[in-house]
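First comes the structure, then the notes that go with it.
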Amino acid sequence: MNWSLLLLCFLLFILIVQNPAIRRLRSGRDAAAYYGIWTLTVLAVLAEQAKLPQFRPLDWVRSIMELLS
């Protein structure tokens with residue numbers, strides 16, 4: 001079993017366990033942030049597993065700064 005598959009299983013477990021708690025908060029902003037970060041994490045793991053090139057952290061910051069300016 002490789003680390004990517006183990007991490008995906010862990011992320012799925014976390015989604016199942018934390019989903020009721022996120023729904024109880026009844027805060028759309030908090031739920032959107034949680035699901036957004038969870039989705040980005042899953043996509044990053046899948047991209048790593050598929051050997052696709054990934055953004056470095058400073059590339060993310062630069063792209064966001066270009067959008068804002």
Side-chain angles (χ1 to χ4, degrees):
M1 179 183 259
N2 60 10
W3 286 106
S4 296
L5 187 57
L6 183 64
L7 185 57
L8 284 174
C9 290
F10 179 73
L11 287 170
L12 182 62
F13 173 74
I14 292 299
L15 179 68
I16 292 169
V17 170
Q18 289 299 319
N19 199 23
I22 296 297
R23 289 183 185 262
R24 272 194 304 261
L25 287 177
R26 294 191 177 147
S27 172
R29 184 179 56 189
D30 291 344
Y34 173 77
Y35 292 124
I37 291 171
W38 186 87
T39 303
L40 283 175
T41 306
V42 169
L43 289 175
V45 171
L46 290 174
E48 173 70 27
Q49 195 172 23
K51 306 283 192 246
L52 296 174
Q54 296 183 2
F55 282 122
R56 296 177 304 221
L58 291 179
D59 290 342
W60 285 94
V61 172
R62 186 180 327 122
S63 63
I64 290 173
M65 292 303 289
E66 287 176 358
L67 287 175
L68 295 176
S69 62

Of T41, I37, V42, L43, which meets side chain to side chain contact (heavy atoms under 4.5 Å, CB included) against T39? L43

Rounded to the nearest 0.5 Å, what separates atom CH2 in W38 from atom CG in L15? 4.5 Å

If we check side chain to side chain contact (heavy atoms under 4.5 Å, CB included) with L12, which of these qualifies: L8, I14, I16? I16

Do L6 and N2 have side chains that get closer than 4.5 Å, going by heavy atoms? no

Name the atoms and distances for all side-chain donor-acceptor pairs under 3.5 Å in residues 17-27, with sequence neighbours left out.
{"unit_1": "N19", "atom_1": "OD1", "unit_2": "Y35", "atom_2": "OH", "d": "2.2"}
{"unit_1": "S27", "atom_1": "OG", "unit_2": "D30", "atom_2": "N", "d": "3.4"}
{"unit_1": "S27", "atom_1": "OG", "unit_2": "D30", "atom_2": "OD2", "d": "3.4"}

Applying side-chain hydrogen bond (donor to acceptor under 3.5 Å, both in side chains) to E48 and not counting sequence neighbours gives Q54

Check whether L7 and W3 end up in the same hydrophobic cluster, where Ile, Leu, Val, Met, Phe, Trp and Tyr are linked by side-chain heavy atoms less than 4.5 Å apart. no

